[in-house]
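Only one structure is covered here, and it is reproduced in the block below.
Within every chain, numbering begins at 1; the chains are lettered A, B, ... in the order of the sequence lines, protein sequences first and strands thereafter. Because the structure is predicted, anything quoted here is derived from the model rather than measured. The figures that follow rest on heavy atoms only: side chains count, while hydrogens, waters and symmetry mates do not.
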Amino acid sequence: MTAVPPQKRSPLIAGLLSTLVPGLGQGFVRRVYRGVAILLATLVVTGMVAWYGHPAWYFAPAGMWLWNIWDAASLAGGQPRTILIPVIFGLAAAYGIGWQVVGVNFAAASLDRALAVARPMIHPDLIERASDKNSMWTPVYVPCPLTGSSPVAQREHEGMVASATPNCGGPTDELTLSVSGMWPDTDTQIWWNTAIGDTNLLGGVNGNSMLVVRTDANGSLTTTIHVPLNILMAQPDKTLTLEHQIFFDQYHYTGGYRISYNGGYAIKGMLETVTMALMATLLGIILAIPISFLAARNLMSGNPITFAIYVIVRTILNIVRSIEAIILAIIFVVITGLGPFAGVLALAFHSVAALAKLYSEVIEGIDPGPIEAIRATGANWVQVVRYGVIPQIIPPFTSFTIYRWDINVRSATVIGMVGGGGIGLYLIQWIQNNQLRAVSAAFIAIAVVVILLDFLSAKVRERLV
Amino acid sequence: MLRVENLTKIYPGGTQALKNVSFEVKDGEFLVIIGLSGSGKSTLLRCINRLIEPTEGKITWDERDITAASPKELLKIRRNIGMVFQQFNLVKRSSVMTNVLSGRLGYANPWLSVLGIWLSADRERAIKALERVGIGDKASSRADALSGGQQQRVGIARALMQEPRIVLADEPVASLDPVLSHSILQYLEQLNKDGITVLCSLHFLDLVHRYATRVIALKDGVLVFEGLPQEINRAKFKEIYGEEAQEVRATSFEAPA
Ligand SMILES: Nc1ncnc2c1ncn2[C@@H]1O[C@H](COP(=O)(O)OP(=O)(O)OP(=O)(O)O)[C@@H](O)[C@H]1O
Ligand SMILES: [Mg+2]
C-alpha cells in the first residue's frame with residue numbers, strides 16, 4: 001500500500017473537481033490510484049446501464065458520483081470515506097441488470113407443466129412384468145371404395161379368426177369386431193394401426209384410452225368401435241382406400257419382472273458410455289505418460305532447450321484442458337461422423353491434457369532420496385527406475401487415472417447428446433419424442449453407474465494414497 | 001585401504017564444496033567426518049561412490065581407481081559400498097522387504113529383479129539382515145508405517161544386503177533422538193567390529209568421542225583436521241567450528257557399552 005498521508009487541501013476545490021470528473025478531486029489530493037479507480041468504476045457502471053439497463057438503474061452511477069464528491073471533500077480534510085458505498089451501488093446495478101439480461105421469470109415455471117413431466121417419470125420404463133403375448137389382427141379398409149367392393153375384412157391365423165363388419169368405413173362409422181380362438185377369460189387390448197403405422201386408441205371418449213375387452217370361456221369376443229375421427233388427416237388423397245389393421249393383444253403375466261424394450265436400450269447405452277470412457281481413458285494414459293515427462297519441470301529445467309519444450313508443452317496442455325470435452329465432441333462429430341468414436345476421441349483428447357498435467361505434477365514431486373539410495377547399491381538404471389521411481393509414481397498415477405475415468409463417464413453421458421454415442425444419444429431422442437418414462441429410465445441408469453463408480457473410485461484411491 | 005587424493009568438487013552453480021581434500025582410510029577403521037553444515041561432508045561421502053562426480057582428484061580403493069572406473073565397473077564397485085542416509089531414503093510406499101531386497105540389486109539378475117522376482121536365498125538374506133537389526137517381524141509392513149529409528153535400521157539392513165566392505169553413513173542419526181542415535185550407531189559399531197570399514201559424518205562431538213577410531217574435519221571444503229578423537233580439544237573445536245561455537249551434547253546418558 002502507498003501509505004502517503006493525504007495532503008491537506010481545500011475540500012471545496014477537491015469536491016468541485018470531483019463533481020466535474022469523478023476521481024479528479026482524489027487525484028488533486030495526491031490519491032491518484034484512488035482517483036483512477038473511482039473514475040474507471042463510475043465509467044464502467046455508467047456504461048453498463050447505458051448498454052443493457054433500464055434508465056432507472058442510472059441511480060447507481062449517480063450514487064457513486066455523489067459519494068465520490070463527498071469522498072473528495074473529506075479526503076482534502078485528511079479523512080477518506082468507506083468504499084463500501086460505491087461497491088454496493090456497483091453491485092446493485094450489476095445484479096439488477098444481470099436479472100434483466102437473464103430474463104428471470106418465475107411465472108414461466110408452471111406447476112402443471114412440471115407435473116406433466118414428473119408424473120410419467122415416476123414410472124421409469126426400465127423394467128416391466130414378465131408376460132407372454134398372444135396377438136391377432138384383422139384388416140379393415142378406409143374409406144369405402146367409390147366403385148366396387150373392398151376385399152373381405154377377415155383374417156385367419158393359427159386357429160384364430162378375426163373380422164370387422166362392415167369391412168370398410170369412413171371416420172366415425174361404427175364397426176363390429178369379433179375374434180375367436182384367442183386365450184379364454186383374458187383382458188384383450190384392441191387398438192388401431194393405421195396404414196402408415198401410427199397407433200390409434202379406441203377406448204374412452206374419442207379414443208383417449210386403450211379399449212380393453214375380456215374374452216369369454218371359449219376365447220371369443222365381440223365389440224363395436226368407431227373409426228377414429230382423424231384417420232384420414234395425414235392422407236393427401238382422402239378418397240384412396242387403404243388397408244388398416246385392428247390389433248387384439250392379450251398378455252399372460254408369467255410372474256417376475258424383465259427389462260423393458262426401452263430399458264434394454266438404456267442399459268445398452270450406459271454400457272456403451274462406460275466403454276467409451278474406458279477407451280478414452282486408456283488412450284489418454286498411453287499418450288499422457290510420455291507427454292508428462294516433457295511437462296515435468298524438474299526433468300526439463302536443466303538446459304534452455306528442454307525448458308523451452310517444457311513451456312510449450314505446458315501451454316498446449318493448458319489450452320487443450322480449457323476446452324470442454326463436449327465442444328471437442330462437436331468438432332469430432334463433424335470429422336468422424338456421429339457415433340461413439342467421435343465421443344471417444346473428444347474425451348481422449350481432453351483426458352490426455354488433464355492426465356499429462358496431473359502425471360507431470362507427480363513426477364515433479366518424486367523424492368530423489370530413494371533414487372539416490374538405489375543408485376548407491378550398484379543398481380543399473382533400469383533397476384533404479386523399477387525400484388526407485390515406479391513405486392513412487394504408480395499409486396498416484398493410478399489414483400488420478402481412476403478419477404479421470406470417473407469424470408469421463410460423466411462427460412460421456414453428455415457427449416452422447418451432441419452425437420458422440422452412448423446413452424446420451426438415446427436420451428436426447430427420448431427427450432425429443434417426449435418419451436419421459438424412458439428418459440426416467442436413462443436417468444436411473446446414469447445415476448446408478450455414476451454413484452457406483454464414484455464410490456468405487458473413492459475406495460480404491462483411499463487405499464492407494 | 002581407501003585413498004583420497006586432492007579431491008575437488010565444484011558444483012555447476014560455482015560452489016566449491018571440496019578443495020584439494022586428501023586422506024586415507026585403513027581397512028577396519030571407524031572414520032568420523034565432522035564439520036559445520038555446508039562444509040562438504042555429504043559431498044565428500046557421495047564422491048567416494050560417485051553418486052556425485054568429483055571435479056578433480058583421485059580416489060583409489062585397494063589399487064582400484066574409483067574415479068577412473070567405467071560405468072560397468074562403477075556398478076561393481078558400488079555394490080561393495082553400502083550407504084546409509086540421514087533421511088533414511090526408503091521407498092515409503094514399498095514394503096520393508098522390498099526396500100531391503102533392493103540392496104541386493106547389484107548382485108541380482110537384472111531381468112528377474114526388474115520383474116520383481118527374487119531368489120529365495122536373497123529373501124532369506126533379507127530376513128537375516130532385518131533380524132540382525134532387530135526388526136525381523138516388520139518385513140511385510142509398509143516402510144512409512146515404521147518409526148524413524150526403525151526406518152534407519154531398514155536402511156542399515158539394506159546396506160548389509162550389499163555385503164559391503166565399506167559403509168558410508170551420511171549423518172545417520174541427525175533425524176533421530178539421542179537414545180535412538182546410540183542404538184543406530186551401535187549397529188554401525190558392530191558392523192565395524194565385524195571388519196567393515198565405516199565412514200560416518202556426525203554432528204555431535206560426544207558421539208564422535210564414543211564411536212570414532214579416527215576423525216577428519218572439514219571447514220568450507222578444506223580438510224582442517226585429521227587425527228584421533230581425543231585430540232579434539234577446545235582449541236581444535238574452535239578452529240573447526242568457529243570462535244563463537246558452543247558444544248551441544250547429543251545426550252547426557254552414557255551409552256550402554
Ligand atoms: N546439488 C548441489 N548443487 C549446488 N550446490 C550444492 C549442491 N549440493 C550441495 N551444494 C553446496 O555445496 C556445499 C557443501 O554441501 P554439503 O551438502 O556437502 O555439506 P554438508 O557438510 O553435508 O552440510 P550439512 O551438514 O548441512 O548436510 C554447500 O555450500 C552446498 O550449498
Ligand atoms: Mg549433508
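Atoms CD1 and CE, from Ile374(A) and Met83(B) in turn, are 13.5 Å apart once rounded to the nearest 0.5 Å.
Nearest heavy-atom pair, Ser113(B) versus Gln383(A), reported as atom, atom and distance to 0.1 Å: OG-NE2, 2.9 Å. Residues Gly116(B) and Tyr387(A) come closest through the heavy atom pair CA-OH, 3.6 Å. Here the shortest heavy-atom pairing between Arg78(B) and Arg375(A) reads CD-O, 3.3 Å.
Among residues 87-102 of chain B, the residues having any heavy atom closer than 4.5 Å to a heavy atom of chain A are, in sequence order, Asn89(B), Leu90(B), Val91(B), Lys92(B), Arg93(B), Ser94(B), Thr98(B), Ser102(B).
Highest contact tally toward chain B, considering only Ala379(A), Gly378(A), Gly388(A), Pro368(A), is held by Gly378(A) [criterion: heavy-atom pairs under 4.5 Å]. With respect to chain B, the highest number of heavy-atom pairs below 4.5 Å among Pro370(A), Pro395(A), Ala373(A) belongs to Pro370(A).
With a 4.5 Å cut-off on non-hydrogen atoms, Pro391(A) touches chain B through its backbone and its side chain both. Neither the backbone nor the side chain of Arg104(B) has a heavy atom closer than 4.5 Å to any heavy atom of chain A.
Around the OH atom of Tyr310(A), the shell of radius 6.0 Å holds more than 12 heavy atoms that belong to other residues, nucleotides or ligands. Dense packing is recorded around CZ of Phe23(B), with more than 12 heavy atoms of other residues, nucleotides or ligands lying under 6.0 Å away. Taking a 6.0 Å sphere around CD of Glu63(B), one finds it holds 12 or fewer heavy atoms contributed by other residues, nucleotides or ligands. In the displayed structure, Tyr265(A) atom OH is contacted under 6.0 Å by at most 12 heavy atoms of other residues, nucleotides or ligands. In the displayed structure, Gln16(B) atom CD is contacted under 6.0 Å by more than 12 heavy atoms of other residues, nucleotides or ligands. More than 12 heavy-atom neighbours from other residues, nucleotides or ligands sit within 6.0 angstrom of OH on Tyr187(B). In Ile335(A), the CD1 atom is crowded: over 12 heavy atoms of neighbouring residues, nucleotides or ligands sit closer than 6.0 Å.
Considering Leu105(B), Asn49(B), Ile81(B) as possible partners of Thr377(A), the one that fulfils the side-chain contact (heavy atoms from CB on, under 4.5 Å) test is Leu105(B).
Inter-residue side-chain proximity for Pro110(B) and Asn380(A) is flagged as met; some heavy-atom pair is nearer than 4.5 Å.
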